[in-house]
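Right, one structure below, let's go through it.
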Amino acid sequence: MTKRMIFTLLVMDSAGHNFQGGWRHPRARNRDFKKLDLWVDLAKKAEQAKIDAFFFTDVLGIQGEFNGSRDIVFKQAVNVPNGDPAMLVSALARETSDIGFLYTSSVISKHPFMFAREVSTLDNLSDGRVGWNIVTSANERAFRNFGLPSGLSHDDRYRWADEYVDVVYKLWEGSWDVDAVVDDAARGVYTDPNKIHDIHHTGERYSVEGFNLMQPSPQRTPVLAQAGGSPAGLDFASKHAELMFLSAYTPETIAAQISAVRAQARGHGRCDGDILFLQGLMFVVGSTDEEAFRKWQDLEQYRSQEGQVAYFAGLSGTDLGRYDPQTPLEDLLDEIPGTQGAFRAVINAWPAGAKPTVHDFLTTLSIPQMVVGSPETIAAELADYQAAGVDGVQIMNILMPQSYDEFFEHVVPVLQDKGLMQKEYRPGSLREKLFHTDTADISKRHPAFGYRGMFSNR
């Protein structure tokens with residue numbers, strides 16, 4: 001029997017996101033990102049298509065530059081302007097009943113005491129449909145925006161994250177006993193005072209005395225997502241993540257990454273099924289493969305080369321705008337050691353004897369994430385990803401909302417017929433829907449569950 005895959009919409013509250021320059025296309029409504037109607041309409045269509053969840057990504061400072069200048073980031077809307085995704089979650093939850101809402105929040109952006117209340121509020125308002133993408137922020141400008149010291153190593157940032165989750169787990173799972181809320185109007189008792197506990201946390205960065213101000217939500221702890229790629233990040237994800245975003249694209253590298261994370265997770269007392277792995281992909285849909293290819297070629301006319309440089313600089317710290325576009329990549333291997341892996345992947349994929357250039361690299365950068373073809377072709381490729389171990393897909397957009405509209409209309413029915421996508425939502429919280437469990441509680445094998453009741457006997 002075919003196992004269904006998970007499908008989320010990877011979005012940002014911004015005019016520009018992954019496909020730089022796409023907002024200029026005449027059929028794009030990307031510039032309406034600041035209008036609630038765009039998001040409400042998309043949420044209703046996504047729920048009708050039985051998409052599992054929205055996934056809102058976020059940035060906290062300008063990412064990237066071109067030839068030493070950040071001007072192109074503003075001109076080409078490279079993730080700027082950018083709104084607060086938490087604001088959207090509340091509104092979209094009101095307009096829907098089943099689709100989930102995962103959103104990004106960095107440990108540097110909000111005090112854990114306030115963030116714990118925010119999540120509990122949203123999870124209560126949505127009847128348990130909220131998830132948190134845990135990020136540590138590698139953007140030096142983001143640190144400066146919050147008046148924080150920059151230049152932290154991966155290990156330092158994840159040590160910070162370890163304490164942050166320690167605090168929120170105590171607030172979500174430990175500060176309120178499971179039966180603390182009595183809600184007895186006849187006796188005039190809403191909460192049993194003996195079952196609310198101060199956490200008295202004292203750590204390297206935080207000192208938190210009290211309890212979560214909001215009562216426990218249906219999930220208590222939201223669905224937890226992470227995308228760590230460094231050794232410290234992978235170890236953090238193997239311990240804490242329920243959803244993990246892959247950074248590999250060939251069947252061999254996907255299988256290797258999943259195997260490595262699961263081995264680490266077992267070392268933390270978790271099981272293989274405790275983490276679901278998602279792959280980020282863009283789709284160009286046509287009635288035939290040839291039509292889809294022609295549509296892709298049209299879309300590529302709108303891609304901004306300068307914006308692509310800035311976007312890559314934001315991801316890698318390397319400003320390729322400083323180099324002649326015709327510079328062979330092999331000439332830069334020693335000069336820019338931090339990009340050797342990405343450069344060598346393109347060099348190795350090029351025909352023997354040919355020398356791919358900086359221009360070639362930038363124009364092929366997103367190809368591993370592109371799936372171009374008819375609905376049948378797309379379904380076959382997704383089945384190949386599933387065979388490599390992928391549990392689901394983060395659907396990235398080129399044009400808002402057209403990329404999603406075409407996927408909903410043409411691809412979803414084919415995937416549902418093949419059993420690769422759900423036809424109906426499972427009842428319950430986001431965690432129950434994703435993991436097919438009968439409880440909204442986080443797994444007993446997850447470290448967060450160990451905080452439940454930890455203060456009851458004090």
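More than 12 heavy-atom neighbours from other residues, nucleotides or ligands sit within 6.0 angstrom of CZ on Arg205. Few gaps surround CZ on Phe74; more than 12 heavy atoms of other groups in view lie less than 6.0 Å from it. Other residues, nucleotides and ligands contribute only 12 or fewer heavy atoms inside 6.0 Å of the CZ atom of Arg70. No more than 12 heavy atoms of other residues, nucleotides or ligands lie within 6.0 Å of NZ in Lys35, so this atom counts as exposed by the packing criterion.
Rounding to the nearest 0.5 Å gives a distance of 10.0 Å between CE of Met87 and CG of Leu122. Remark: Arg4 CZ to Gln422 CD distance equals 4.0 Å, nearest 0.5 Å. The distance from the OG1 atom of Thr136 to the CZ atom of Arg157 is 3.5 Å, given to the nearest 0.5 Å. Atom OG1 of Thr221 and atom CZ of Phe449 lie 10.0 Å apart (nearest 0.5 Å). Taking CZ of Phe283 as the reference point, atom CE of Met370 lies at 10.0 Å (rounded to 0.5 Å). A distance of 5.5 Å separates CG in Leu60 from OG in Ser106, rounded to the nearest 0.5 Å.
Ion pairing of Lys44 with Glu95 is present here, as a side-chain N (NZ or NE/NH1/NH2) and a carboxylate O approach within less than 4.0 Å. Taking the charged nitrogens against the carboxylate oxygens, Asp166 and Lys170 do have a contact shorter than 4.0 Å, which makes a salt bridge. Looking at Arg426 and Asp98, no side-chain N of the basic residue comes within less than 4.0 Å of a carboxylate O on the acidic one, giving no salt bridge. Salt-bridge formation is detected for the pair Asp405/Lys45: a Lys NZ or Arg NE/NH1/NH2 atom is positioned less than 4.0 Å from an Asp or Glu carboxylate oxygen. In this structure, Arg270 does not pair ionically with Glu242, as no charged nitrogen and carboxylate oxygen lie closer than 4.0 Å. Look at Arg220 and Asp123 and you find no salt bridge, because none of the NZ, NE, NH1 or NH2 atoms lies under 4.0 Å from a carboxylate O. Between Arg29 and Asp37 there is no salt bridge, since no side-chain N of the basic residue sits under 4.0 Å from a carboxylate O of the acidic one. Ion pairing of Asp156 with Arg159 is present here, as a side-chain N (NZ or NE/NH1/NH2) and a carboxylate O approach within less than 4.0 Å.
Taking both residues in full, the closest heavy atoms of Val223 and Gln219 are given as CG2-OE1, 3.5 Å, listed atom of the first, atom of the second, then distance. Of all the heavy atoms in Ala237 and Ile275, the pair that sits closest is O-CD1, 4.0 Å. Taking all atoms of both residues into account, the shortest heavy-atom contact from Gly22 to Leu399 is O-CD2, 3.4 Å. Contact detail for Leu92 and Ala43: the closest heavy-atom pair is CD2-CB, 4.2 Å. Between Phe7 and Leu420, the shortest heavy-atom distance links the atoms CE1-O, 3.5 Å. Residues Asp52 and Met5 come closest through the heavy atom pair OD2-O, 4.1 Å.
Side-chain atoms of Trp160 and Leu148, non-hydrogen and from C-beta on, do get closer than 4.5 Å to each other. Proximity of Asn18 to Gln369: side-chain heavy atoms (C-beta onward) are nowhere separated by under 4.5 Å. Between Val135 and Ile108, every side-chain heavy-atom pair lies at or beyond the 4.5 Å cut-off. Taking 4.5 Å as the limit, every side-chain heavy atom of Leu171 sits out of range of all side-chain heavy atoms of Arg117. In this structure, Gln20 and Gln76 have side chains that are not in contact, with every pair of non-hydrogen atoms separated by 4.5 Å or more. Between Val390 and Leu278, every side-chain heavy-atom pair lies at or beyond the 4.5 Å cut-off. Using a 4.5 Å heavy-atom threshold, the side chains of Leu42 and Met400 count as touching. Counting heavy atoms from C-beta on, the side chains of Leu243 and Phe55 never come closer than 4.5 Å.
Judged by distance alone, with hydrogens and angles left aside, the side-chain atoms of Gln48 form no donor-acceptor pair with the main-chain N or O of Phe408 at under 3.5 Å. Side-chain atoms of Ser374 come within 3.5 Å of backbone atoms of Thr377 as a donor-acceptor pair (strictly under, hydrogens ignored). Checking side-chain atoms of Tyr404 against main-chain N and O of Ile395 turns up a donor-acceptor pair under 3.5 Å. Using a distance-only test at 3.5 Å, with no hydrogens or angles considered, no donor-acceptor pair links the side chain of Ser259 to the main chain of Ala255. In this structure, Asp391 contributes its side chain and Phe277 its backbone to a donor-acceptor pair below 3.5 Å. No donor-acceptor distance shorter than 3.5 angstrom exists from the side chain of Thr57 to the backbone of Met12, with no hydrogens or angles considered. Counting only distance, with no hydrogens or angles, the side chain of Arg129 and the backbone of Leu430 share no donor-acceptor pair below 3.5 Å. In this structure a side-chain-to-backbone donor-acceptor pair under 3.5 Å is missing from Arg445 to Gly269. In this structure a side-chain-to-backbone donor-acceptor pair under 3.5 Å is missing from Gln226 to Phe236. Side-chain atoms of Ser238 come within 3.5 Å of backbone N or O of Asp235 as a donor-acceptor pair.
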Verdict with supporting geometry, Leu234 and Met244, side-chain contact (heavy atoms from CB on, under 4.5 Å):
CA-CA 10 Å; Leu234 288 173; Met244 184 172 176; 3.3 Å; yes
So Asp272 and Arg266, salt bridge (Lys or Arg N to Asp or Glu O under 4.0 Å) or not? Walk me through it.
CA-CA 7 Å; Asp272 287 356; Arg266 288 192 293 271; 2.6 Å; yes
Evaluate Tyr323 against His359 for side-chain contact (heavy atoms from CB on, under 4.5 Å), listing each step before the verdict.
CA-CA 10 Å; Tyr323 300 92; His359 173 77; over 6 Å; no
Verdict with supporting geometry, Val11 and His17, side-chain contact (heavy atoms from CB on, under 4.5 Å)
CA-CA 8 Å; Val11 293; His17 189 196; 5.6 Å; no
List the steps, then state whether side chain to side chain donor-acceptor pair (under 3.5 Å) holds for Asp298 with His25.
CA-CA 10 Å; Asp298 171 67; His25 195 284; 3.2 Å; yes
Can you list the steps and then say if Val412 with Phe407 is a side-chain contact (heavy atoms from CB on, under 4.5 Å)?
CA-CA 6 Å; Val412 165; Phe407 191 89; 3.9 Å; yes
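Here the options are Thr357, Leu320, Val358, Asp360, the test is side chain to side chain contact (heavy atoms under 4.5 Å, CB included), and the partner is Leu329; only Val358 passes. With Trp132 as the partner, the ring pair (Phe, Tyr, Trp, His ring centres under 6.0 Å) test is satisfied by one option alone out of Tyr103, Phe115, Tyr169: Phe115.
No side-chain donor from either of Ser14 and Asn82 sits under 3.5 Å from a side-chain acceptor of the other. Between Glu406 and Gln402, the side chains place a donor N or O and an acceptor N or O closer than 3.5 Å (distance only, hydrogens not considered). Side-chain contact of Ser429 with Glu432: a donor-acceptor pair under 3.5 Å is present, judged by distance alone.
Annotation: side chain to side chain donor-acceptor pair (under 3.5 Å) contacts of Asn124 (sequence neighbours excluded): none.
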